[in-house]
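The structure under discussion appears below in the form of structure tokens.
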Amino acid sequence: SMVIKNVCCIGAGYVGGSSCSVLAWKCPDIHVHVVDVSHDTIKQWNSHNLPIYEPGLDEVVKECRGCNLFFSNDIDRAVREADMIFISVNTPTKTYGIGKGKAADLQYVEVCARKIAEVANGPKIVVEKSTVPIQAAQFITHILAANTKPGVSFQVLSNPEFLAEGTAIENLVNPDRVLIGGEESSGGESAMEELTWIYHHWIPQHNIITLSTWSSQLTKLASNAFLAQRVSSINAISAVCEAIGADVSQVADAVGRDSRIGSKFLHASVGFGGSCFEKDLLSLVYIAESLNLPEVARYWQHVNDINHYQRTRFGQRITASLFNTVTDKALAVFGFAFKKNTGDTRESPARCICSQLLEEGARINIYDPKVERQQIMNDLTSTKATSEPERIQKLIHIYTDPYQAVIDTHAIVILTEWDEFKSYDYKKMLSVMKKPAFLFDGRKIIDHEAVIKLGFNTHTIGKKFTPNTL
Ligand code: NAD
Ligand code: UDX
């Protein structure tokens with residue numbers, strides 16, 4: 001068998017960048033070349049200011065970059081030199097044509113396949129790491145086969161990524177499992193052995209699962225759908241709790257104690273966000289529809305519908321509690337990222353709730369420890385977010401100090417679960433706010449009894465407090 005010496009990765013985003021950094025770190029005997037079409041992204045990977053924030057990533061990149069880890073825009077060269085090529089490009093929801101709003105857009109994956117076919121001059125193992133619909137490996141195989149030159153051969157593997165943002169390095173170093181999907185042929189099996197050999201540098205054999213490409217690709221969509229479904233399940237229960245006076249945290253704790261259910265991913269919130277859950281749910285819905293399985297499609301569609309309901313419900317509750325109008329009122333928003341420990345705002349519930357409040361005419365003062373000012377502005381004033389960008393822009397103020405952000409506001413709205421929000425001096429904040437002052441905790445992270453005692457009219461998900469008369 002050929003021993004892999006050179007690996008290349010097309011796509012230097014969250015997945016390509018962090019997974020290959022860890023690969024280089026754990027496999028000093030392998031030369032790892034990460035390439036991208038974006039010049040800005042590559043420039044940042046080669047600088048002190050990496051394009052993504054992940055705890056622990058800086059250290060790994062510092063140790064390996066220039067030794068066996070390289071970032072460049074020279075895709076042709078990287079592909080030519082590599083024995084194994086990972087594809088980690090984006091596969092967003094289609095915004096046009098057939099399957100618009102649901103199907104995964106495979107145009108970037110296809111461009112990669114054609115590029116590989118064009119420049120390859122020897123045998124290559126092509127590893128599909130992007131999340132793709134179930135036929136994608138077959139499509140890639142077909143494109144490669146139709147363009148193969150003499151002396152060149154290809155094997156296509158599926159190797160979906162399960163890292164979560166904010167904990168990417170930890171997840172990559174110590175994954176619950178790694179999936180390697182391949183063709184049931186001798187060529188397929190030896191390619192799977194090569195990739196297994198790479199992962200075996202740091203991952204125990206029993207955590208490396210080999211399976212068919214179909215099963216592998218479907219497992220990735222199913223895993224994200226199951227995780228999203230748990231969040232929507234507890235969020236649906238949170239609405240019932242608010243209506244009847246139960247406490248969703250107590251319910252979640254008690255439900256999670258059943259070892260068959262387990263305690264993780266039962267935290268009720270303002271809704272799930274991130275680049276994966278909605279996209280992959282919709283992709284699964286589209287696949288089910290295409291396979292003429294409408295009941296299955298409706299089931300997973302509803303998991304996503306509940307998430308939209310949860311966000312909207314919270315936004316409406318804010319306006320309703322503030323005497324049915326937020327027009328011209330200043331509100332402080334804590335957190336804009338879709339979860340803590342990341343600067344990523346893709347599909348963040350904060351975007352949606354801020355847009356809802358801006359639509360009502362509120363002025364919002366936003367503070368997030370990691371998200372850049374320009375990112376927040378783009379997210380809230382893009383054509384996707386509003387038809388009146390100039391009016392909306394005037395209503396948004398971005399702060400780097402949360403204590404400044406709350407001055408003269410009617411309410412604090414917590415939309416991301418950053419740890420630092422737990423230890424703020426809310427008494428000090430209250431003293432500079434308009435009265436009555438409100439606090440809406442969309443992430444259930446602060447001590448509600450304590451802020452109620454201070455005098456905040458407090459609202460959270462899945463629990464009703466009696467109105468504060470202080
Ligand atoms: P991303 O947008 O952060 O990165 C994708 C990169 O690919 C971009 O830098 C883009 O410039 C580059 N690219 C696009 N077309 C290219 C081409 N033809 N040649 C070279 N580079 C090209 O995306 P991501 O978050 O890293 O996700 C990548 C894939 O991994 C997606 O399919 C996603 O569903 C999946 N995934 C993401 C996560 C996550 O947490 N972000 C986790 C698991 C799986
Ligand atoms: C997810 C999957 O976890 C990961 O395996 C996959 O590879 C990519 O998609 P990610 O989106 O980065 O990862 O973060 P995750 O921790 O799954 O959180 C997703 C969203 O759900 C966040 O907005 C988070 O705040 C929310 N969430 C999560 C809850 O509201 N409650 C929970 O109990 C857990």
Side-chain angles (χ1 to χ4, degrees), residues 8-20 34-42 44-45 51-52 54 71-76 78-79 86-93 104-116 128-133 136 159-168 171-172 175-177 220-221 223-228 230-235 238 252 256 263-281 283 307 310-311 335 337-342 344-350 415-417 442-445 461:
C8 117
C9 173
I10 310 181
Y14 276 87
V15 168
S18 28
S19 66
C20 283
V34 186
V35 289
D36 203 287
V37 282
S38 162
H39 288 268
D40 282 350
T41 301
I42 293 300
Q44 284 178 288
W45 278 110
I52 61 174
E54 271 301 331
F71 297 91
S72 88
N73 294 113
D74 196 345
I75 301 175
D76 290 22
V79 168
F86 288 88
I87 300 178
S88 306
V89 297
N90 38 329
T91 50
T93 303
D105 192 340
L106 290 179
Q107 63 169 315
Y108 308 113
V109 172
E110 175 157 350
V111 167
C112 293
R114 290 186 182 276
K115 169 61 79 182
I116 294 167
E128 176 53 72
K129 195 173 247 318
S130 297
T131 303
V132 290
N159 173 224
E161 183 50 64
F162 293 96
L163 68 82
E165 290 179 24
T167 53
N171 299 151
L172 287 162
D176 286 347
R177 80 301 203 194
K220 174 62 199 177
L221 293 181
S223 299
N224 272 351
F226 273 55
L227 291 168
R230 282 178 72 96
V231 177
S232 278
S233 294
I234 199 66
N235 284 343
S238 79
S263 61
K264 291 180 184 166
F265 256 75
L266 286 181
H267 194 79
S269 73
V270 73
F272 60 73
S275 64
C276 292
F277 281 0
E278 178 167 79
K279 165 175 79 72
D280 293 347
L281 276 170
S283 176
N307 196 49
Q310 186 76 350
R311 294 171 180 181
F338 82 95
K339 64 186 281 197
K340 72 174 180 181
N341 297 337
T342 178
D344 195 350
T345 65
R346 291 180 288 179
E347 306 306 326
S348 177
L415 296 179
T416 309
E417 72 279 23
R443 292 292 189 163
K444 304 180 70 63
I445 53 163
I461 305 277

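All residue numbers refer to positions in the sequence shown, counting from 1. All ligand and atom numbering here is 1-based and tracks the order in the structure.
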Legend entry - Donor on one side chain, acceptor on other, S88 and E161, under 3.5 Å: no

Inset, instruction - Examine the proximity of ligand 2 to K340 and report which part, side chain or backbone, both or neither, has a heavy atom under 4.0 Å away. - result: neither

Inset, instruction - Would you check if S18 and E165 make a side-chain contact, meaning some heavy-atom pair closer than 4.5 Å? - result: no

Inset, instruction - Would you mind finding which of N224, D280, T416, V15 brings a heavy atom closest to atom 2 (C) of ligand 2? - result: N224

Inset, instruction - Tell me which part of S269 gets within contact of ligand 2: side chain, backbone, both or neither, using heavy atoms under 4.0 Å. - result: side chain

Legend entry - K115 and D76 ion-paired at < 4.0 Å: yes

Inset, instruction - Please tell me if the side chains of F162 and S223 come closer than 4.5 Å, counting only heavy atoms from C-beta onward. - result: yes

Inset, instruction - Starting from atom 16 (O) of ligand 2, find the nearest protein heavy-atom neighbour and note its residue, name and distance. - result: K339 NZ, 2.8 Å

Inset, instruction - Do me a favour and list the nearest non-hydrogen protein atom to atom 11 (O) of ligand 2 with residue, atom name and distance? - result: F338 CE1, 3.5 Å

Legend entry - Non-hydrogen side-chain atoms of S269 and N235 separated by less than 4.5 Å: yes

Inset, instruction - Using a 4.0 Å heavy-atom threshold (strictly under), name the region of K264 that reaches ligand 2: side chain, backbone, both or neither. - result: neither

Legend entry - E347 side chain reached by F338 side chain, heavy atoms, under 4.5 Å: no

Legend entry - Minimum-distance pair of heavy atoms, taken over all atoms of N171 and A164: OD1-N, 2.9 Å

Inset, instruction - Do me a favour and list the nearest non-hydrogen protein atom to atom 25 (O) of ligand 2 with residue, atom name and distance? - result: R443 NH1, 2.7 Å

Mind listing the N or O contacts between ligand 1 and protein, cut-off under 3.5 Å?
{"residue": "ligand 1", "atom": "3 (O)", "partner": "Y14", "partner atom": "N", "Å": "3.2"}
{"residue": "ligand 1", "atom": "9 (O)", "partner": "D36", "partner atom": "OD1", "Å": "3.4"}
{"residue": "ligand 1", "atom": "9 (O)", "partner": "D36", "partner atom": "OD2", "Å": "2.6"}
{"residue": "ligand 1", "atom": "11 (O)", "partner": "D36", "partner atom": "OD1", "Å": "2.7"}
{"residue": "ligand 1", "atom": "21 (N)", "partner": "V37", "partner atom": "N", "Å": "3.4"}
{"residue": "ligand 1", "atom": "25 (O)", "partner": "R346", "partner atom": "NH2", "Å": "3.1"}
{"residue": "ligand 1", "atom": "26 (O)", "partner": "Y14", "partner atom": "N", "Å": "3.1"}
{"residue": "ligand 1", "atom": "26 (O)", "partner": "V15", "partner atom": "N", "Å": "2.8"}
{"residue": "ligand 1", "atom": "32 (O)", "partner": "T91", "partner atom": "OG1", "Å": "2.6"}
{"residue": "ligand 1", "atom": "32 (O)", "partner": "T131", "partner atom": "N", "Å": "2.9"}
{"residue": "ligand 1", "atom": "34 (O)", "partner": "T131", "partner atom": "OG1", "Å": "3.3"}
{"residue": "ligand 1", "atom": "34 (O)", "partner": "K279", "partner atom": "NZ", "Å": "2.6"}
{"residue": "ligand 1", "atom": "40 (O)", "partner": "E165", "partner atom": "OE2", "Å": "3.3"}
{"residue": "ligand 1", "atom": "41 (N)", "partner": "E165", "partner atom": "OE2", "Å": "2.8"}

Inset, instruction - Identify the protein heavy atom lying closest to atom 27 (N) of ligand 2, giving its residue, its atom name and the separation to 0.1 Å. - result: V231 CG2, 4.0 Å

Legend entry - Element-labelled atoms of ligand 2 that are located less than 4.0 Å from some non-hydrogen atom of E161: 7 (O)

Inset, instruction - Using distance alone, decide if ligand 2 has a nitrogen or oxygen within less than 3.5 Å of any nitrogen or oxygen in G273. - result: yes

Legend entry - Identity and separation of the nearest protein heavy atom to atom 21 (O) of ligand 2: F272 CB, 3.2 Å

Legend entry - Which residue and heavy atom of the protein sit nearest atom 31 (N) of ligand 2, plus the separation: H267 O, 2.8 Å

Legend entry - For C276, atoms of ligand 2 separated by under 4.0 Å from a heavy atom: 8 (C), 9 (O)

Inset, instruction - Ignoring hydrogens and angles, state whether a donor on the side chain of T345 or S348 is under 3.5 Å from an acceptor on the partner side chain. - result: no

Inset, instruction - Taking only heavy atoms of K220 into account, list the atoms of ligand 2 that are under 4.0 Å away from them. - result: 6 (C), 7 (O)

Legend entry - V109 side chain reached by V89 side chain, heavy atoms, under 4.5 Å: yes

Legend entry - Residue and atom name of the nearest protein heavy atom (relative to atom 12 (O) of ligand 2), distance in Å to one decimal: E165 N, 2.7 Å

Inset, instruction - Just go through D176, L227, L163 and tell me whose heavy atom is the nearest to atom 4 (C) of ligand 2. - result: L163

Legend entry - Spacing of NZ belonging to K340 relative to CD belonging to E417, to within rounding of 0.5 Å: 6.5 Å

Inset, instruction - Taking salt bridge (charged side-chain N to carboxylate O under 4.0 Å, His left out) as the test, write out the residues that go with K339, two or more places apart. - result: none

Legend entry - 4.5 Å side-chain heavy-atom contact, V79 and I10: yes

Legend entry - With S19, the side chain to side chain contact (heavy atoms under 4.5 Å, CB included) member among L172, N159, V34: L172

Legend entry - Aromatic ring pairing W45/F71, orientation class (parallel under 30°, perpendicular over 60°, tilted between): parallel

Inset, instruction - May I ask which of F162, Y14, F265, F277 has a heavy atom nearer to atom 34 (C) of ligand 2 than the others do? - result: F265

